[in-house]
Q: 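Let me give you the structure first, and then I'll get to my questions.
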Amino acid sequence: MIFSITPIPASLSEFFWFNTPDGGEVASLLSTTLWMVLGIFVIFTIYMIFSAFSWVIHKLFIDGRNKANGYTSLKTVTFGDESAVEANRFASVASVVAIFFFWGLATGSSLLGPIQLPAPFLGKTSFEYTAINSYGDTDKGTVNLLVHTFDDKPILEKASNIATGFARDSAIKVRERRTALLSAKKIGAKETDGFKIIEINGLPIKPNQIVNFGNGEVLLTSKGSMQIRPYDGMTMEALYLPAPEDVWKSFLKLNKEGYTNVGLWENVFWSLIRVVLGFTLGCLFGIPLGFAMGLSNWFRGWFDPIVEFMRPVPPLALIPLIIIWFGIGEQGKISLLFLAALWIMTIAARAGVSGVNISKVHAAYSLGASKRQLLMKVILPNSLPEIFTGARVAMGVCWGTVVAAELVAAEKGAGKMIIAASKFQLTDIVIIGIIIIGIIGFAIEVLMRKAENRLIPWKGRG
Amino acid sequence: MSGLNINNVSMTFELPNGGSVEALKNINLSVQKGELVSVLGPSGCGKTTLLNILAGFLAPTDGIIELNGEIVKKPSSERGMVFQQGALFEWMNVSKNIGFGPKMKGTPQVEIDAKVTELLGIVGLQDFADKMIYEMSGGMQQRVALARCLANDPDVILMDEPLGALDALTREKMQSLVLDIWKKTGKTIILITHSVEEALLLGERLIVMAPRPGRIHKEYKLPFAELGVGADLREVKRHKKFGTTRDEILNMIWNMEEEIMGRAES
Ligand SMILES: Nc1ncnc2c1ncn2[C@@H]1O[C@H](COP(=O)(O)OP(=O)(O)O)[C@@H](O)[C@H]1O
Ligand SMILES: [Mg+2]
């Protein structure tokens with residue numbers, strides 16, 4: 001026990017039924033986290049080594065050529081002047097290339113040509129074992145191993161079995177990256193008591209020991225069987241991560257044929273339309289609500305509790321309730337997105353009103369504006385920057401929420417596609433889905449920013 | 001009764017901690033139509049509060065304000081405001097800003113356009129009609145603010161340190177412009193300022209206020225505004241009386257501030 005948890009006072013524990021966490025559980029949680037820190041650190045370090053390598057290339061071959069010009073190049077103080085820091089395009093490209101490189105390397109991609117991590121062993125191999133029986137006789141037998149891919153279903157040739165002693169020959173097939181168990185009974189223990197394997201390819205072995213036979217290794221189990229593991233290489237199995245080119249091929253196929261009778265872009269379209277509808281509803285109600293809260297004591301008081309309560313509730317936490325109420329139809333998803341956008345837009349509009357410089361309001365009234373005119377001509381345009389910022393956040397949240405909602409319940413949609421594919425372990429489709437979801441989320445952000453620059457050129461220059 | 005009458009106006013702010021501030025106490029002042037009055041005083045003596053009451057943004061705790069015989073209760077287009085900065089509408093161009101007042105009243109667009117063109121000429125912004133506010137310098141923005149206020153043809157123009165955020169040179173030019181406009185339009189103008197020189201230059205009448213409680217300390221009748229119309233303001237400043245009055249007022253304010261600090265220390 002690492003932690004001693006103080007007992008909860010009787011009166012409280014009567015109220016809160018609470019199982020004191022077991023110290024062991026907590027300790028294992030912490031140790032997992034510590035291991036993750038290590039893992040993340042290693043991954044990060046490898047990535048940074050790659051970055052350093054790219055930096056050297058950049059310094060040697062590119063940096064010198066295009067002479068920096070413009071005002072920034074004349075600044076002598078750049079470290080600490082954020083405005084003088086801009087993304088190095090070469091670094092951005094190199095970092096993406098690096099990700100694809102690692103992806104290809106990890107999956108044994110053919111795109112990398114000769115740069116390959118050791119692949120798992122495939123084909124025929126064999127090893128010899130030496131066994132002893134209770135009389136003390138020793139005999140040798142051969143195990144022929146056929147290692148095949150997932151898609152191959154080879155027919156196994158029968159062992160020739162020219163061996164005459166009690167240690168028989170054996171033939172066995174095994175899928176790459178899997179193990180095969182060869183029991184002592186199967187290879188010769190039938191007529192002999194005390195059958196024991198003592199050597200693999202002339203190297204001594206005892207139960208629970210491992211001996212390498214060149215193209216793999218053999219573990220002698222405590223019961224005397226051989227667990228054979230052909231060399232499984234350093235690359236990842238396509239089930240976990242398919243090679244980039246395979247993902248591309250799947251993408252082309254998916255683009256053409258769709259998945260479960262729904263086109264790829266049809267799925268994307270359904271997700272998008274839900275977001276657009278839910279978001280629009282959210283704006284339609286949220287903006288007037290926010291204005292009302294910014295302009296009237298009564299509405300501020302009336303809506304404050306619900307807005308302040310709903311704001312920190314993540315929309316994802318509402319999914320179960322929404323499903324209970326509306327089932328898995330469109331209404332539920334649109335309601336969810338509406339709620340996701342509503343509070344964000346309300347708060348943005350309210351902030352917009354409170355951000356109006358009081359001089360502007362005074363000026364407008366002194367110029368003879370009515371309340372209505374003040375609202376439409378001053379408060380509304382003046383809140384546009386805040387509303388747009390809110391809209392950008394709301395769009396992002398809606399996009400995340402729609403995908404999550406579709407994971408739970410939908411017939412069509414990007415989230416539906418990846419969750420369905422994951423059930424059949426179609427990792428390539430899952431990855432394509434994730435990439436497309438990311439790209440669309442990014443595109444939404446970029447479009448919103450473009451629209452913002454065009455519609456509110458005065459933003460930040462008031 | 002015509003003109004602006006301030007009758008026994010007092011303003012006491014209740015503070016959240018239970019205390020209270022007498023921002024204004026028993027202010028009496030009447031301003032004739034067409035007068036140019038500058039109000040000067042140390043920071044915190046209630047100048048802005050007085051102007052806000054005149055504009056109708058605040059109701060005084062005591063006393064009343066009358067404009068042309070009517071009691072001032074809320075903001076209205078007959079009392080125009082020019083603020084220090086930040087009161088222009090960034091989402092409109094210069095013309096739309098200037099035409100805002102008439103537009104709110106439903107004036108026909110042709111008339112608005114004519115008015116805007118005229119005012120652009122008066123404030124010297126003929127070539128900037130379509131510029132956006134954020135594209136203009138501080139001085140130009142104040143020209144727009146002046147024009148926007150004039151577009152409504154108000155009876156009184158209230159200015160709260162309108163030139164306070166400008167650099168010295170721009171400020172000098174704008175002072176000439178204010179005098180020009182005053183002469184051309186014959187408006188009643190009440191102008192608050194921090195600068196003694198500005199108060200002397202831009203005030204037929206100069207009101208010096210004292211703090212705690214905010215009150216009128218002294219009043220001057222001055223010839224410099226009249227002299228300054230269409231003339232070189234630096235020339236006016238070389239006037240002997242200008243120098244002596246300036247020194248007198250500076251001393252007065254200096255002493256007020258000393259007194260405040262003395263009181264704060266004790
Ligand atoms: N809303 C308010 N609440 C409390 N005190 C205020 C408020 N507005 C102004 N005051 C106080 O009234 C006095 C006069 O303020 P103000 O009119 O802004 O002075 P000035 O413009 O001359 O610098 C100051 O002491 C200030 O602190
Ligand atoms: Mg002030």
Side-chain angles (χ1 to χ4, degrees), chain A residues 83 283 287 290-291 294-297 300 348-392 448-462, chain B residues 48 51-58 72-93 96-107 131-136 141 144-162 165:
Chain A
S83 66
C283 289
I287 295 174
F291 279 159
L295 294 169
S296 134
N297 288 338
R300 166 81 55 106
R350 191 179 68 183
V353 180
S354 67
V356 179
N357 189 336
I358 186 63
S359 312
K360 286 190 175 52
V361 177
H362 281 170
Y365 278 130
S366 297
L367 290 167
S370 64
K371 281 185 183 170
R372 196 193 146 78
Q373 284 169 327
L374 180 84
L375 176 63
M376 299 311 291
K377 305 276 170 174
V378 178
I379 291 180
L380 181 64
N382 196 83
S383 340
L384 279 182
E386 258 96 355
I387 290 178
F388 243 92
T389 307
R392 238 168 61 196
M448 296 290 283
R449 246 186 261 170
K450 280 244 158 79
E452 189 171 3
N453 288 344
R454 168 163 299 203
L455 294 173
I456 323 175
W458 67 89
K459 182 173 183 181
R461 301 199 259 182
Chain B
T48 298
L51 212 69
N52 281 339
I53 292 172
L54 294 180
F57 304 142
L58 281 176
V72 166
K73 283 186 179 142
K74 55 182 175 75
S76 135
S77 59
E78 69 207 10
R79 279 161 281 127
M81 289 285 290
V82 177
F83 296 86
Q84 190 173 57
Q85 63 186 134
L88 292 173
F89 306 132
E90 284 94 14
W91 48 94
M92 297 176 184
N93 64 17
K96 292 243 171 71
N97 263 284
I98 297 177
F100 185 85
K103 180 133 194 150
M104 293 302 105
K105 283 186 206 144
T107 313
K131 277 258 191 281
M132 298 303 285
I133 297 303
Y134 53 83
E135 295 171 308
M136 311 190 75
Q141 290 188 6
V144 179
L146 276 174
R148 183 176 72 174
C149 180
L150 288 171
N152 251 353
D153 207 13
D155 293 336
V156 182
I157 299 179
L158 306 169
M159 301 187 183
D160 191 358
E161 302 191 30

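A, B, ... follow the sequence lines: proteins, then strands. Residue 1 opens every chain.
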Q: Is a donor on one side and an acceptor on the other found under 3.5 Å between the side chain of B:N52 and the backbone of B:F57?
A: no
Q: May I ask you to check whether over 12 heavy atoms, not counting those of A:K371, lie within 6.0 Å of atom NZ?
A: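 No, because the 6.0 Å sphere around NZ of A:K371 holds 12 heavy atoms or fewer from other groups.
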Q: Quick check on B:M81 against chain A: is it the side chain, the backbone, both or neither that has a heavy atom closer than 4.5 Å?
A: both
Q: Is the closest side-chain heavy-atom distance between A:K377 and B:K96 below 4.5 Å?
A: no
Q: Give the member of B:G101, B:G56, B:A145 that has the highest number of heavy-atom pairs under 4.5 Å with chain A.
A: B:G101
Q: Using heavy-atom distances under 4.5 Å, tell me whether A:V378 contacts chain B through its side chain, its backbone, both, or neither.
A: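 Both the backbone and the side chain of A:V378 come within 4.5 Å of chain B.
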Q: Can you tell me how the ring of A:W458 sits relative to the ring of B:W91, calling it parallel under 30°, perpendicular over 60° and tilted otherwise?
A: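 Ring orientation of A:W458 relative to B:W91: tilted.
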Q: Could you tell me which portion of B:I133 (side chain, backbone, both or neither) has an atom closer than 4.5 angstrom to a non-hydrogen atom of chain A?
A: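 Answer is neither: B:I133 stays 4.5 Å or more from chain A.
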Q: Shortest non-hydrogen contact from B:Q141 to B:M136?
A: NE2-O, 3.2 Å
Q: Can you say whether B:Q84 sits under 4.5 Å from chain A via the side chain, the backbone, both, or neither, judging by heavy atoms?
A: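 Interface part for B:Q84: neither.
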Q: Look at A:G368, A:P381, A:A364, A:A363 and state which one has the largest set of heavy-atom pairs under 4.5 Å with chain B.
A: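 It is A:P381.
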